[in-house]
Amino acid sequence: MSAQILSGTEVARTVRAEVAERVAALAERGISVGLATIMAGNDPGSEIYVRGKHRAAEAAGMLSFDVHLPESVSQETVEATIVALNADDQVDGMIVQLPLPDGLDGNRAMELIDPAKDADGLHPHNLGLLLLDRPGPRPATPTGIMRILEHYDIDVAGKLAVVVGRSFLVGRPLAMMLSAKGVDATAVQAHSRTQDLIEHTRRADILVAAVGRPQMFDADAIKPGAVVIDVGINRTDDGLVGDVDFESAAEVAQAITPVPGGVGPMTIASLLANTVAAAERKAETAG
Ligand code: NAP
């Protein structure tokens, strides 16, 4: 293996320490920072993820509010909960843990979140700000990826970035962030209907795999010297693996994120950063 390992675990530690400092600075002014999650049902994966968010928030000195609703909860109750948290002055960032149980409308729930409290950065208003290149909370996972690139001084300006996957959660906002003015990568958005996908990935200076198919890209799909960002989280009989065949890809790539320990830890760090930024904006407005 010759590639440099881009450790999201290490970068996330740095981001979380920065967030803790910002929370402490607000505390000195008598201002608390709070993160609330709303979860419905008992999906074990979601429960683990939500617990992780609360642990991280508390470790950063934030208040954390865990609203856990039953599987049988009505859409009205979910919406009333969001409206109440919008009005709660102690809550600066809010997350609706998706998916909601069958029969509930997750999109409608997300759209009810006050965009100023949108810790995930996925509210349509905030996605619009991203498109317009105006400040606002950015989607957490793509923000984490941009921070990894910045942390390791990977210059993407003028480079060809191929982003495989076009979800609103990862691929689409990431391609927008990579091609924003001042970042200046040439971003290509690939997806399941892309013809000759491997021909595209083989030309990529930066390859981002955000598909959700175990180890679909190996050395053959990667340009020698490329930077490889593996967003995929796939549970297999051999444990957790990414969308990239790490061993083989690491032979040709210049740098690569591992799974686990790559992009994953950055998502929580980014939503904490969105939450403290929301509290800072509120404090500024209040004078
Ligand atoms: P998603 O909504 O299912 O989107 C997957 C994307 O991959 C779609 O755009 C799909 O194309 C594309 N795709 C599917 N099969 C393909 C193929 N054979 N060739 C090329 N493109 C293909 O998934 P997501 O939410 O973006 O998540 C992607 C992966 O990242 C998952 O493994 C997820 O667990 C992981 N993830 C990780 C984090 C983290 O914190 N590390 C955060 C979020 C997601 P179409 O649009 O044409 O269907």
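All ligand and atom numbering here is 1-based and tracks the order in the structure. All values derive from a computational prediction rather than experimental measurement.
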Peer 1: I'd like to know whether ligand 1 has A210 as a neighbour, heavy-atom separation below 4.0 Å.
Peer 2: yes

Peer 1: D120 and N274: side-chain donor and acceptor closer than 3.5 Å?
Peer 2: no

Peer 1: Write out the residue and atom name of the closest protein heavy atom to atom 24 (P) of ligand 1, then the distance separating them to 0.1 Å.
Peer 2: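 Nearest protein contact, heavy atoms only, for atom 24 (P) of ligand 1 is S167 OG, 3.6 Å.
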
Peer 1: Would you say D230's side chain and D243's backbone share a donor-acceptor pair under 3.5 angstrom?
Peer 2: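 Yes: the side chain of D230 pairs with the backbone of D243.
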
Peer 1: Would you call K282 and D92 a salt bridge, using N to O less than 4.0 angstrom?
Peer 2: yes

Peer 1: Can you tell whether the side chains of D133 and K181 come within less than 4.0 Å, N to carboxylate O?
Peer 2: no

Peer 1: Determine whether the side chain, the backbone, both or neither of T267 has a heavy atom under 4.0 Å from any heavy atom of ligand 1.
Peer 2: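 Just the side chain.
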
Peer 1: Check M266 against ligand 1 and report side chain, backbone, both or neither, counting heavy atoms closer than 4.0 Å.
Peer 2: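 It is neither part, as no heavy atom is under 4.0 Å.
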
Peer 1: Have a look at V170, I233, T201, V164 and point out the one with the heavy atom closest to atom 43 (C) of ligand 1.
Peer 2: V170

Peer 1: Identify, by atom number and element, the atoms of ligand 1 in contact range of T141, meaning under 4.0 Å from any of its heavy atoms.
Peer 2: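 Answer for ligand 1: 40 (O), 42 (C).
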
Peer 1: Any atoms of ligand 1 less than 4.0 Å from a non-hydrogen atom of L169? List them with their elements.
Peer 2: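 Checking each atom against L169, I get 25 (O), 43 (C).
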
Peer 1: So is there a nitrogen or oxygen of R213 less than 3.5 Å from a nitrogen or oxygen in ligand 1?
Peer 2: yes

Peer 1: With the threshold set at 4.0 Å, does a side-chain nitrogen-carboxylate oxygen contact exist between E199 and R202?
Peer 2: yes

Peer 1: Are I95 and L271 packed together at the side-chain level, in the sense that at least one heavy-atom pair is separated by less than 4.5 angstrom?
Peer 2: yes

Peer 1: Can you figure out which of P214, G165, P139 has its heavy atom closest to atom 12 (C) of ligand 1?
Peer 2: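 Answer by nearest heavy atom: G165.
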
Peer 1: With atom 11 (O) of ligand 1 as the reference point, say which of G212, A140, S192 has the nearest heavy atom.
Peer 2: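 Considering heavy atoms of G212, A140, S192, the nearest to atom 11 (O) of ligand 1 sits in S192.
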
Peer 1: So which protein heavy atom does atom 9 (O) of ligand 1 come closest to, and at what separation?
Peer 2: R166 N, 2.8 Å

Peer 1: Using heavy-atom distances, let me know which of V231, L197, V211, V241 sits nearest atom 15 (N) of ligand 1.
Peer 2: V211

Peer 1: I'd like to check atom 34 (O) of ligand 1 in this structure: does the protein have a heavy atom lying under 4.0 Å from it?
Peer 2: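 So far as the 4.0 Å threshold goes, atom 34 (O) of ligand 1 is in reach of a protein heavy atom.
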
Peer 1: Is it the case that the side chains of H200 and T194 hold a donor-acceptor pair, with the cut-off being a distance below 3.5 Å and no angle test?
Peer 2: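 Judged by distance alone, the side chains do not pair up.
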
Peer 1: State, with a plain yes or no, whether a side-chain heavy atom of V91 is found less than 4.5 Å away from one of F65.
Peer 2: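 Side chain of V91 against side chain of F65, heavy atoms only: contact under 4.5 Å found.
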
Peer 1: If you measure from OG1 on T267 to OH on Y49, what distance do you get to the nearest 0.5 Å?
Peer 2: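 The distance works out to 4.5 Å.
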
Peer 1: Are any of the N or O atoms of R193 closer than 3.5 Å to those of ligand 1?
Peer 2: no

Peer 1: Does even one non-hydrogen atom of G264 get within less than 4.0 Å of ligand 1?
Peer 2: yes

Peer 1: Would you find a donor on one side and an acceptor on the other, under 3.5 Å apart, between the side chain of T77 and the backbone of V73?
Peer 2: no

